*Asks:* 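Submitted below is the structure of interest, expressed as structure tokens.
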Amino acid sequence: MTLRLHDTATRSVRDFVPREPGKAGIYLCGVTVQSGPHIGHMRSAINYDVLRRWLIHSGYEVRFVRNITDIDDKVLAKAQEAGVPFWQIAYANELLLGRMYDALGVLPATVEPRATGHIPEMFTLIEQLIERGHAYAAGGDVYFDVRSWDRYGELSGQRPDAMQSSEGEARGKRSPLDFALWKSEKPTEPQDAYWPSPWGRGRPGWHIECSAMSWRYLGEEFDIHGGGLDIQFPHHENEIAQSKAAGFGFARYWVHHALLNLGGEKMSKSIGNVIDLDALVAKGLRPVEVRYYMAAPHYRSTIEYSDDAVREAAVAYKRIEGFVLRATETLGDVPPGVLGAEFVAAMNDDLNTSRALASVHEAIRHGNAALADRNLKAARGALSTVRAMLDILGLDPLHEQWREAKGDDLLRPAVDALVALALEQRNAARARKDYPAADAVRDQLKQAGIIVEDTPHGPRWTLGS
RNA sequence: GACAGGGUGGCCGAGUGGUCCAAGGCACUGGUCUGCAAAACCAGUAUUCGCGGGUUCGAAUCCCGUCCCUGUCUCCA
């Protein structure tokens, strides 16, 4: 069975056939680091992290390139506002982004290149485009000549003739549709944001960096290009035009993920309807629960954010976690084993994580039943398959990523001994049928954040609320 | 206006021609277990898929119309 992926360019689900057997090259449009990341960015990161893990599991050697766009109009505007160099703003936000990836268990990219580190590659590309008659210099600017590329619109379905052109004619453009590859310096912009170029001092246009970096790290043609639905046009359309006009084969599959909405609109810094990971943590959610929330719906479905929905996701995840922890308590460490067939089928079906999770929950139900029946063999099987499936989604509760803070390892035996003391008293009370006293012990522990549950083999405790 | 994608139970969310009187989760109800709980398990909870037509032996799934929602429209606010 092979992976099938939705390809935006053909608007269809296609078998994934890598350019080179056993290898997969992915370019993901990362973030423009104009400000700190919000949970909309997290969705992108998590969706592609799942794709990547699935490809790795499927035996591919994955080269995963996720860029940082560290220069653009907004970064410069923020820098001017703050009175600091643009790269200071960009780098500070890049660090925040990295922290967010770590917190959510997003695997580090193979390489995370920055736009400003690839100016020479841009020059080569731009010169190639000029030579081929698809770009022209005008003053100190260089524009891509959209009319010279008749496949323009192939990705988004936009027809150049039908497009509304923007207000205000830019200087030197032959057509309002043309877009800048290189922008000449302006007196109103920070003077430390420019590079010398064959066309005079200036800085990159918005789209050229991705063409340059994908070329640098993945070659002229690569397997998958990803990004949010909102940058399909113009950004990806322009990327295709540039790269193909330069003679590259470019991306073979275009995978776009849907957005995270809040209040009926996409979460966006400019609209101001943003929530970041810290805000969710402040609501009592753990990053792993947030990851579950983002990974559970299909990647091409819009998520309308709501507090209720995240909380519901947290409850669902706790059910998963509860099984894994309880099963491990009775079975000992059972390593991840073989995936369920339904899970595999679901993942291969355009990464249908929703369906895949349904099979996880079913396995858990069977596992819980097996535990209750003391059918250890069946329980062991369920645990190993559940852990394997969760591992693909980056949600295995036993993975080091999700272990509580380090001190926890030392604290736990100590708390365990104290709780055992309290439970001895409770047991004594129960033995003499003094239930009010027994319940008082349980209630007091609960107030301290320790939940006591009775099992056929004695009480167990967990932290919780 | 153009282009793209959606509208499924109380909620979240899969399902794109028959096995769907619609997966899974949450919530709720009843049961088992328990001293009582909790957890877990079992059972129940949409004859129905925005609305109106049509195609078909058969439609949530295809077609037409209609209403509503989201994204995008280029040196992006």
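Labels below follow one simple rule: chain letters A, B, ... track the order of the sequence lines, proteins then strands, and each chain is numbered from 1. Since the structure is predicted, the reported quantities are computational estimates derived from the model, not experimental observations.
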*Asks:* For nucleotides B/U29 and B/A38, find the distance between their P atoms and express it as a whole number of Å.
*Replies:*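 After rounding to an integer number of Å, I get 11 Å for this pair.
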*Asks:* When the distance from CG of A/Asp349 to P of B/G15 is rounded to whole Å, what number comes out?
*Replies:*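 Roughly 7 Å, once rounded to whole Å.
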*Asks:* Quick check on RNA chain B: between A/Gly157 and A/Ala180, whose nearest nucleotide comes earlier from the 5' end?
*Replies:*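 Of the two residues, A/Gly157 wins.
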*Asks:* Expressed as a whole number of Å, how far does the C1' atom of B/A59 sit from that of B/G53?
*Replies:*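 14 Å, rounded to whole Å.
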*Asks:* So which nucleotide from B/U72, B/A14, B/C26 ends up closest to the side chain of A/Phe233?
*Replies:*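 Side chain of A/Phe233 sits closest to B/U72.
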*Asks:* How many Å lie between CG on A/Asp308 and C1' on B/C12, as a whole number?
*Replies:*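 About 10 Å, once rounded to whole Å.
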*Asks:* Which of these nucleotides, B/C36, B/U72, B/C75, is closest to any side-chain atom of A/Lys183?
*Replies:*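 For A/Lys183, the side-chain atoms sit closest to B/C75.
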*Asks:* How do A/Val452 and A/Asn238 order along RNA chain B: which one's closest nucleotide is nearer the 5' end?
*Replies:*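 Looking at the nearest nucleotide for each, A/Val452 comes out on the 5' side.
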*Asks:* What do the steps show when you test A/His134 against A/Ser148 for side chain to side chain donor-acceptor pair (under 3.5 Å), and what is the final call?
*Replies:* CA-CA 6 Å; A/His134 294 299; A/Ser148 78; 2.7 Å; yes
*Asks:* Hunt down the Watson-Crick or G-U wobble partner of B/U16, both distances under 3.5 Å, from any strand shown, or write none.
*Replies:*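 Paired with B/U16, as far as the under-3.5 Å criterion goes, is no nucleotide at all.
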*Asks:* Quickly work out the A/Leu259 CG to B/A4 C1' distance and round it to whole Å.
*Replies:*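 Value for this atom pair: 12 Å.
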*Asks:* Categorize A/Val360 for me: base, sugar-phosphate, or nothing, with a 4.0 angstrom heavy-atom threshold over every strand shown.
*Replies:*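 Answer is nothing: A/Val360 stays at 4.0 Å or more from every strand.
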*Asks:* Taking atom C1' in both B/C69 and B/G50, what distance in whole Å separates the two?
*Replies:*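 Roughly 11 Å separates the two C1' atoms.
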*Asks:* Once you round it to whole Å, what is the distance between P of B/G71 and NE2 of A/His257?
*Replies:*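 So the two atoms are 14 Å apart, to the nearest Å.
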*Asks:* Would you please confirm or rule out a distance under 4.0 Å between OP1 or OP2 of B/C41 and any side-chain N or O of A/Asn368?
*Replies:*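 It does, given that an N or O in the side chain of A/Asn368 lies less than 4.0 Å from OP1 or OP2 of B/C41.
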*Asks:* Just call it for A/Ser156: base, sugar-phosphate, or nothing, with non-hydrogen atoms closer than 4.0 Å on any strand.
*Replies:*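 Result for A/Ser156 = sugar-phosphate.
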*Asks:* Say you pick atom P in B/G7 and the same atom in B/G15; how far apart are they, in whole Å?
*Replies:*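 One P to the other, the span is 10 Å.
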*Asks:* Would you mind pulling out the nucleotide paired to B/C26, Watson-Crick or G-U wobble, both distances under 3.5 Å?
*Replies:*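 Its partner is B/G10.
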*Asks:* I'd like to know if A/Arg442 reaches the base of B/A37 with its side chain, counting only an N/O donor and acceptor under 3.5 Å.
*Replies:*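 Indeed, a donor on one side and an acceptor on the other fall under 3.5 Å apart.
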*Asks:* Does the pair A/Lys183/A/Glu189 count as a salt bridge with the N-to-O cut at 4.0 Å?
*Replies:*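 No salt bridge links A/Lys183 with A/Glu189.
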*Asks:* If we ignore angles and hydrogens, is there a donor and acceptor under 3.5 Å between the side chains of A/Asp70 and A/Thr116?
*Replies:*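 Indeed, the side chains of A/Asp70 and A/Thr116 share at least one donor-acceptor pair under 3.5 Å.
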*Asks:* Tell me whether the side-chain N/O atoms of A/Ser301 come closer than 4.0 Å to OP1 or OP2 in B/A14.
*Replies:*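 So the side chain of A/Ser301 is within the cut-off, an N or O lying under 4.0 Å from OP1 or OP2 of B/A14.
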*Asks:* I'd like to know if A/Tyr143 reaches the base of B/U74 with its side chain, counting only an N/O donor and acceptor under 3.5 Å.
*Replies:*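 Looking at the base of B/U74, it does not pair with any donor or acceptor on the side chain of A/Tyr143 (distance under 3.5 Å).
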*Asks:* Sort out the partner of B/G1 for me: Watson-Crick or G-U wobble, both distances under 3.5 Å, none otherwise.
*Replies:*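 The answer is B/C73, by the H-bond criterion.
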*Asks:* A/Ser354 has a side chain; which of B/G13, B/C41, B/U74 sits nearest to it?
*Replies:*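 The listed nucleotide nearest to A/Ser354's side chain is B/G13.
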*Asks:* Nearest of B/C36, B/C75, B/C41 to any side-chain atom of A/Lys186?
*Replies:*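 The nucleotide sitting nearest to the side chain is B/C75.
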*Asks:* Scan A/His298 against the nucleic acid and name what it touches under 4.0 Å (heavy atoms): base, sugar-phosphate only, or nothing.
*Replies:*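 Sugar-phosphate, backbone atoms only, no base.
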*Asks:* NZ of A/Lys318 versus C1' of B/G25: gap in Å, rounded?
*Replies:*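 The answer, rounded to whole Å, is 14 Å.
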*Asks:* Need one value for A/Gly228: base, sugar-phosphate or nothing, where a base atom within 4.0 Å counts as base even if backbone is also close, heavy atoms only.
*Replies:*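 The answer is nothing, as A/Gly228 stays clear of every strand by at least 4.0 Å.
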*Asks:* If the C1' atom of B/A22 is compared with that of B/U45, how far apart are they to the nearest Å?
*Replies:*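 Their C1' atoms lie roughly 14 Å apart.
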*Asks:* Counting side-chain heavy atoms from CB outward, which of B/G15, B/C36, B/C3 is closest to A/Asn352?
*Replies:*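 Within the option list, the nearest is B/G15.
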*Asks:* When the C1' atoms of B/G30 and B/C20 are considered, how many whole Å apart are they?
*Replies:*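 Approximately 27 Å lies between the C1' atom of B/G30 and that of B/C20.
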*Asks:* Between B/A77 and A/Lys269, is there an OP1 or OP2 to side-chain N/O distance shorter than 4.0 Å?
*Replies:*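 Checking B/A77 against A/Lys269, no side-chain N or O comes under 4.0 Å of OP1 or OP2.
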*Asks:* May I have the distance from A/Gln158 (atom CD) to B/C3 (atom P), rounded to whole angstrom?
*Replies:*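 So the two atoms are 8 Å apart, to the nearest Å.
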*Asks:* Mind checking if A/Gln232 touches a base, just sugar-phosphate, or nothing, with heavy atoms under 4.0 Å?
*Replies:*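 Here A/Gln232 touches no strand at all.
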*Asks:* Counting only Watson-Crick pairs (N1-N3 plus N6-O4 or O6-N4) and G-U wobbles (N1-O2, O6-N3), all under 3.5 Å, who is the partner of B/A40?
*Replies:*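 Here B/A40 is engaged in a pair, and the nucleotide opposite it is B/U32.
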*Asks:* Within this structure, what is the CZ-to-P distance between A/Phe323 and B/A39, rounded to whole angstrom?
*Replies:*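 To the nearest whole Å, that distance equals 17 Å.
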*Asks:* Can you tell me which nucleotide in B/A39, B/U70, B/C26 comes closest to the side chain of A/Asn261?
*Replies:*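 The nucleotide sitting nearest to the side chain is B/U70.
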*Asks:* Decide yes or no for A/Arg252 and A/Arg14: does some side-chain heavy atom of the first lie under 4.5 Å from some side-chain heavy atom of the second?
*Replies:*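 No. Closest side-chain heavy atoms not under 4.5 Å.
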*Asks:* Counting the atoms with a prime plus P, OP1 and OP2 as sugar-phosphate, which does A/Arg460 contact under 4.0 Å by heavy atoms, base, sugar-phosphate, or nothing?
*Replies:*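 No contact.
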*Asks:* Using the P atoms only, state how far B/C26 lies from B/A40, rounded to an integer number of Å.
*Replies:*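 Each nucleotide's P atom is 8 Å from the other's.
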*Asks:* Looking only at atom C1', what distance separates B/U61 and B/A43, rounded to whole Å?
*Replies:*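 So the two C1' atoms sit 31 Å from each other.
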*Asks:* Which nucleotide in the set B/G71, B/A37, B/C41 lies at the smallest distance from any side-chain heavy atom of A/Ala369?
*Replies:*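 Of the options given, the side chain of A/Ala369 lies nearest B/C41.
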*Asks:* Give one of base, sugar-phosphate or nothing for A/Arg374, where a contact means two heavy atoms less than 4.0 Å apart.
*Replies:*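 No contact at all - A/Arg374 keeps every heavy atom at 4.0 Å or more from the nucleic acid.
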*Asks:* Paired with B/U48 by Watson-Crick or G-U wobble geometry, both distances under 3.5 Å: which nucleotide is it?
*Replies:*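 Here B/U48 is not engaged in any pair, so there is no nucleotide opposite it.
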*Asks:* Any non-hydrogen side-chain atom of A/Val146 less than 4.5 Å from a side-chain atom of A/Phe179?
*Replies:*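 When only atoms from C-beta onward are counted, A/Phe179 and A/Val146 do touch, with a gap below 4.5 Å.
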*Asks:* Quick check: do A/Leu395 and A/Ile320 have side-chain heavy atoms less than 4.5 Å from each other?
*Replies:*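 Result no, sub-4.5 Å side-chain heavy-atom pair not found.
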*Asks:* Base, sugar-phosphate, or nothing for A/Arg311, non-hydrogen atoms under 4.0 angstrom?
*Replies:*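 If one applies the 4.0 Å heavy-atom cut-off, A/Arg311 turns out to touch nothing in the nucleic acid.
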*Asks:* If you only use heavy atoms from C-beta on, which nucleotide in B/G35, B/G5, B/G25 is closest to the side chain of A/Arg319?
*Replies:*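 That would be B/G25.
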*Asks:* Determine the contact category for A/Asp178: base if any of its heavy atoms lies under 4.0 Å from a base atom, sugar-phosphate if only primed atoms, P, OP1 or OP2 are that close, otherwise nothing.
*Replies:*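 Here A/Asp178 touches no strand at all.
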*Asks:* If we count only N and O atoms by modelled type, under 3.5 Å, do the side chains of A/Asn273 and A/Tyr305 hold a donor and an acceptor together?
*Replies:*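 There is no such pair between these side chains.
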*Asks:* Rounding to a whole Å, what distance do you find between A/Tyr299:OH and B/G13:P?
*Replies:*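 Whole-Å distance recorded here is 17 Å.
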*Asks:* What is the nucleic acid contact for A/Ala372, judged by heavy atoms within less than 4.0 Å: base, sugar-phosphate only, or nothing?
*Replies:*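 Answer is nothing: A/Ala372 stays at 4.0 Å or more from every strand.
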*Asks:* Applying a 4.0 Å non-hydrogen cut-off, can you work out what A/Glu362 is touching in the nucleic acid: base, sugar-phosphate, or nothing?
*Replies:*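 Result for A/Glu362 = sugar-phosphate.
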*Asks:* Which one, B/G13, B/C42, B/G35, comes nearest to the side chain of A/Asp439?
*Replies:*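 The closest nucleotide is B/G35.
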*Asks:* So, do A/Trp215 and A/Tyr27 have ring centers that fall under 6.0 Å from each other?
*Replies:*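 Not close enough - the centres of the two rings lie 6.0 Å or further apart.
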*Asks:* Walk me through it: do A/His6 and A/Tyr299 pass the test ring-ring contact (aromatic ring centres under 6.0 Å, His included)?
*Replies:* CA-CA 10 Å; A/His6 179 88; A/Tyr299 76 90; 7.8 Å; no
*Asks:* From the options B/A23, B/C36, B/A77, select the nucleotide whose nearest atom is closest to the side chain of A/Lys266.
*Replies:*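 Looking only at side-chain atoms, A/Lys266 lies closest to B/A77.
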*Asks:* A/Phe248 versus A/Gln128: any side-chain heavy-atom pair under 4.5 Å?
*Replies:*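 Touching, per the 4.5 Å side-chain cut-off.
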